[in-house]
Amino acid sequence: MCFASALVLMTALTNPFPSPGAPAMRLSRFFLPILRETPKEAEIVSHRLMLRAGMIRQQSAGIYSWLPLGKIVLSKIEQIVREEQNRSGAIELLMPTIQSAELWRESGRYDAYGKEMLRIEDRHEREMLYGPTNEEMVTDIFRSAVRSYRDLPLNLYHIQWKFRDEVRPRFGVMRGREFLMKDAYSFDIDRERAREAYNRMFVAYLRTFDRLGLKAIPMRADTGPIGGDLSHEFIILASTGESAVFCSKDILDLPIPPDDVDFRGDLSPIVTAWTTPYAATDEMHDAAAFEALPEDKRVSARGIEVGHIFYFGTKYSGPMGANVAGPDGVEQPVHMGSYGIGVSRLMGAIIEASHDEAGIIWPESVAPFAVGLINLKTGDQKTDSVCDGLYERLTNAGVAVLFDDVDGRAGAKFATMDLIGLPWQLVVGPKGLERGEVELKRRATGERLTLSVDAAVNRLMAG
RNA sequence: CGGGGCGUAGCGCAGCCUGGUAGCGCAUCUGGUUUGGGACCAGAGGGUCGCAAGUUCGAAUCUUGCCGCCCCGACCA
């Protein structure tokens, strides 16, 4: 054993937060305030489970602290969103949460935006606001630097907290007042180029939601005064969804664009394929068109909006003077679109779509840990040493482990693991060890495998 | 913003109608017995009863005002 790996080993044994290998945590050192009973304010299942699993704590109506388990998942969702934005060619920046009213006066929205905008005054009595969105600000950044069509296309995005003072926040993080959102803004020389930018986001969204373990369906949305067909809501199907949705079964079977999809090429065939089958929320529902589908193709379900993409042309660039020179030397307002994903809302949406009586069932891509290692009898020398060995081996092998090393009863341990929904549970107890066996349980199916210690490690390393 | 409801220990609740110095379950702590799907026994700690004013000898309880939170609706990522 070389010095470096000996160091790694020692670190894993002595440090509760070993830096090498995968994220790992001993329950005895973690902060996981599980609730056995459901707080009465939580009406829908995702809210109940997030509170019970110690992921969030409400601080005020529609405003939440993200406790460690929730924070881990939030970061994982955020990272997948980020990776797919980057893949599509969007560029990340970070704009502030507090904005000045001045900018919003330029677009005319300071007065148009209703009470949903949280208005603040600073010590100099300047009018400020907590941003509900960032069109004005990103347009200001753009106009300060870009003068020519040669700098286009450009898509700038950030992942930042927003605040909308909803009249009635509800459903936990699904409809909070403070929420984490990815918002991207595209800049193009004309409508045709803007459509290409739109298509890139469309494809990026298909990939993003698929990676999050969700079946998201793009549905035509109202474009308001802009008109046209360039606005879609991405809806995930969940029995507890907030609104009724209707679609053709065909759309559920469409292939997700692969990770090597060429974002510089023509994406319109993909977008066309995904926008051809019938799919609509109840607001845009065309009962006649839906009834025209063969009966066995009709899907009538409930859905949650997790993303929205929108082309709005020169709505902000016009009044704010965000112009670029075209090839002909003539300055013209830039064509823009905006593209949102509700990152914090997604956590609720994922749970709505993936849970059972006992608790959450995380898709592997966003699970806070891959496996929960359960020591059924702490203090038993053999069990302790096998668990310690497993914890270290799995961590060094890149498998994220939450190790329940606390002295407690088996039933409570199982119930906690089921509640927090890690994809795998690795159960180690003296009875099994007498036969050299441990038990590996898959959370999603309840399927249990009785394996040797080595076989269990291999199985988990295989993913 | 219209309608309804609730604030009593960390969580879930009783007590309020009929005023008399606060209680139950879970959780927590101590000791013991237990130990493979949310154990048992014994003991202990923990509450300005949302806030304020009023009525009263006395208010969790009655009155008024305020604050907070939830649900339904309208609205929205």
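Computation of the quantities below employed the complete heavy-atom set of this structure, encompassing side-chain atoms and omitting hydrogens, waters and symmetry-equivalent molecules. A note on names: the letters A, B, ... follow the listed sequences, proteins ahead of strands, and every chain is numbered from 1.
- Ring-centre distance between A:Trp161 and A:Phe179: not below the 6.0 Å cut-off.
- A:Val428 pairs with exactly one of A:Leu390, A:Val453, A:Asn375, A:Asp404 by the side-chain contact (heavy atoms from CB on, under 4.5 Å) rule, that one being A:Leu390.
- Pair assignment for B:C40: B:G32, on the basis of Watson-Crick or G-U wobble contacts that are both within less than 3.5 Å.
- Note on ring orientation: taking the six-membered ring where Trp is involved, the planes of A:Phe202 and A:Phe234 are perpendicular (angle over 60°, cut-offs 30° and 60°).
- Classification of A:Arg170 and A:Glu242 as a salt-bridged pair fails, no side-chain N sitting under 4.0 Å from a carboxylate O.
- No cation-pi contact links A:Arg200 to A:Tyr205, judged by a cut-off of 6.0 Å to the six-membered ring centre and 45° from its axis.
- With both ends at atom C1', the span from B:U61 to B:G3 equals 28 Å, rounded to whole Å.
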Any protein N or O atoms within reach of nucleotides 22-24 of chain B? Criterion: under 3.5 Å, listing atom names and distances.
none

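- In this structure, A:Arg36 does not reach the B:G38 phosphate: none of its side-chain N or O atoms is under 4.0 Å from OP1 or OP2.
- If you check every strand for non-hydrogen atoms under 4.0 Å, A:Leu35 touches nothing.
- If you take atom C1' in B:A77 and the same atom in B:U64, they sit 42 Å apart, rounded to whole Å.
- Base contact: A:Lys441 has a heavy atom under 4.0 Å from a base atom.
- With no hydrogens or angles considered, no side-chain donor-acceptor pair links A:His308 and A:Tyr339 at under 3.5 Å.
- Counting heavy atoms of neighbouring residues, nucleotides and ligands inside a 6.0 Å radius, atom CE of A:Met461 does not exceed 12 of them.
- For the P atom pair drawn from B:G47 and B:U55, the interatomic distance equals 30 Å after rounding to whole Å.
- Within a 6.0 Å sphere centred on CZ of A:Arg119, heavy atoms belonging to other residues, nucleotides or ligands number more than 12.
- Of all nucleotides present, only B:G73 satisfies the Watson-Crick or G-U wobble test against B:C1, with each distance under 3.5 Å.
- Judged by atom type and distance alone, A:Arg52 does not reach the base of B:G12 through any side-chain donor-acceptor pair under 3.5 Å.
- Using bins of under 30°, 30° to 60° and over 60° for the plane-to-plane angle, the ring pair A:Tyr130/A:Phe163 lands in the tilted bin.
- Between B:A27 and B:U18, the two P atoms lie 38 Å apart (nearest whole Å).
- Among the atoms of the strands shown, only primed sugar atoms or phosphate atoms (P, OP1, OP2) are found under 4.0 Å from some heavy atom of A:Lys115.
- As a whole-Å value, the separation of A:Glu357 CD from B:G37 C1' is 16 Å.
- The 5' end of RNA chain B is approached more closely, in terms of each residue's nearest nucleotide, by A:Arg57 than by the other of A:Thr416 and A:Arg57.
- Remark: B:C66 base-pairs with B:G50. Criterion, Watson-Crick or G-U wobble with two distances under 3.5 Å.
- Ring pair A:Phe246/A:Tyr278: centre-to-centre distance not below 6.0 Å.
- Atom C1' of B:A22 sits at a distance of 8 Å from the matching atom of B:U8, rounded to the whole Å.
- Taking the P atom of each, B:A53 and B:G15 are spaced 28 Å apart, rounded to whole Å.
- Remark on RNA chain B: of its neighbouring residues A:Ala412 and A:Lys377, the 5'-side contact belongs to A:Lys377, judged by nearest-heavy-atom nucleotide.
- If you check every strand for non-hydrogen atoms under 4.0 Å, A:Pro33 touches nothing.
- At most 12 non-hydrogen atoms from other residues, nucleotides or ligands lie less than 6.0 angstrom from CD of A:Gln381.
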Sequence-aligned protein contact record of nucleotides 68-77 of chain B, with B where the base is within under 4.0 Å of a protein heavy atom and S where only the sugar-phosphate is: -SSBBBBBBB
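- With B:G36, B:G37, B:C1 as the candidates, the nucleotide lying closest to the side chain of A:Asp418 is B:G37.
- Distance noted for atom P between B:U63 and B:C6: 14 Å (whole Å).
- B:G10 and B:C26 make up a base pair, with Watson-Crick or G-U wobble contacts both under 3.5 Å.
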Show me the protein contacts with nucleotides 30-32 of chain B, counting only N or O atoms at under 3.5 Å.
none

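- Classified by interplanar angle (parallel below 30°, tilted 30° to 60°, perpendicular above 60°), the ring pair A:Tyr391/A:Phe403 is tilted.
- Taking the C1' atom of each, B:U35 and B:G25 are spaced 23 Å apart, rounded to whole Å.
- A:Gly340 comes within 4.0 angstrom of no nucleic acid atom, judged by non-hydrogen atoms across all strands.
- The shortest non-hydrogen separation linking A:Lys76 to A:Ser365 is CE-O, 3.6 Å.
- Pairing partner, B:U61: none, since no Watson-Crick or wobble contact has both distances short of 3.5 Å.
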